[in-house]
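Quick notes on the structure that follows.
Position 1 is the first residue of the sequence; numbering continues from there.
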Amino acid sequence: MVKLGYMTNAFGPLVGTGGGVTCMKEVGYVTMCDDDVQLQKVAEKGYKYFEMFEGNICSYEGNPEAFEALMAKHGIALLGVYVGCHFIYPDALPDELAKVARVAKLAKRFGAKHIVLGGGSIRAAGIQEGDYKLLADGIDQAAAVIKSHGLTPTYHPHLGSLAETPEQIHKLFALTDIGFCPDVAHLIAGGSDALELLKQYYDRIPYIHLKDFDGTNFVPLGKGTAPIAEMVQFLLDKGYKGDWLVEIDGYPGDPSEACETSYNFLKGKLI
């Protein structure tokens with residue numbers, strides 16, 4: 001059965017956890033929204049799974065039963081959690097790994113399968129010799145933590161990180177065997193041929209973020225120029241057994257409409 005989820009970050013502004021300003025182990029992404037409302041909206045559009053940021057998950061650390069009750073209420077299950085780290089600062093890495101462990105423990109309890117890692121800071125002085133090795137080593141250590149909790153780790157190349165352009169992605173992936181979570185729109189915006197990257201790294205893909213791009217904005221599936229249908233068909237033709245996530249963050253339109261439009265686009269293609 002196809003596991004298709006939706007990323008809840010479309011339903012509110014993106015901020016960082018307040019404690020992270022002065023404490024590295026507390027830093028993380030948070031979507032400012034009502035979790036009850038957003039899970040209802042995702043579920044009523046037809047999705048059975050969702051992904052959420054680490055900060056949102058950790059807000060339930062003291063009351064995990066409340067989050068479990070929300071999922072049961074809406075008949076929807078947690079598929080993945082996105083975790084961001086700097087990775088290139090050796091003194092900070094143990095604190096970042098402690099955060100990864102904290103998130104992975106919660107994610108496992110909540111029934112998630114995937115932990116998606118993002119990050120790879122660019123220094124004020126620019127990229128330095130050795131930063132890719134530091135990033136790869138940090139990713140590998142985080143992956144080991146995630147695997148110890150029985151979850152699947154992947155890395156998500158992202159605009160504004162050390163893995164933005166195709167050359168940077170290749171450079172990083174030559175140094176680590178981490179699984180690849182392609183984000184279609186981020187790959188295209190970074191200058192990659194997204195379909196070719198899928199073909200090149202197919203054996204490393206257990207999870208994919210489907211997102212369209214119109215040259216300026218991330219938009220609902222089918223409303224941009226990304227070859228979403230071709231990519232879905234390629235993966236299906238290859239016998240892909242991994243999972244799927246729709247993510248339309250930063251869309252200037254109505255997030256509920258984007259959620260529904262994207263689901264309808266996948267009818268007859270994936271669902």
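Distance alone, capped at 3.5 Å, is enough to place a donor-acceptor pair between the T17 side chain and the G28 backbone. A donor-acceptor distance shorter than 3.5 angstrom exists from the side chain of S59 to the backbone of N56, with no hydrogens or angles considered. Judged by distance alone, the side chain of D212 and the main-chain N or O of G224 form a donor-acceptor pair under 3.5 Å. A donor-acceptor distance shorter than 3.5 angstrom exists from the side chain of K99 to the backbone of V27, with no hydrogens or angles considered. The backbone N or O of L245 sits nowhere less than 3.5 Å from a side-chain atom of E51 that would complete a donor-acceptor pair. Side-chain atoms of D183 come within 3.5 Å of backbone N or O of A185 as a donor-acceptor pair. Panel note: side chain T165, backbone G190; no donor-acceptor pair is recorded below 3.5 Å. Looking at E96, its side chain does come within 3.5 Å of a backbone N or O of F87 through a donor-acceptor pair. A donor-acceptor distance shorter than 3.5 angstrom exists from the side chain of T261 to the backbone of E257, with no hydrogens or angles considered.
For the pair K45 and Y263, the cation does not sit on the ring face, since its NZ or CZ is not both under 6.0 Å from the ring centre and inside 45° of the axis. In this structure, K269 is positioned above the aromatic face of F265, its NZ or CZ under 6.0 Å from the six-membered ring centre and within 45° of the axis.
Under the 30°/60° scheme for interplanar angles, the aromatic rings of Y60 and F67 are found to be tilted.
In this structure, the ring of Y155 has its center no less than 6.0 angstrom from the ring center of F180. Taking the six-membered ring where the residue is Trp, the centroids of F173 and H170 are separated by 6.0 Å or more. Within the 6.0 Å centre-distance limit, the rings of F53 and Y82 are counted as a close aromatic pair. Less than 6.0 angstrom separates the ring centroid of H156 from the ring centroid of H186. Less than 6.0 angstrom separates the ring centroid of Y47 from the ring centroid of Y6.
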Hey, mind stepping through E54 and R102 against salt bridge (charged side-chain N to carboxylate O under 4.0 Å, His left out) and telling me if it holds? CA-CA 9 Å; E54 77 252 66; R102 176 184 171 202; over 6 Å; no
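Of the residues M7, M52, K48, K3, the one that meets the side-chain contact (heavy atoms from CB on, under 4.5 Å) test with L79 is K3.
Using a 4.0 Å cut-off between charged nitrogen and carboxylate oxygen, R204 and D177 do not count as a salt-bridge pair.
Atom-to-atom distance recorded for L134:CG and H86:NE2 is 14.0 Å, nearest 0.5 angstrom.
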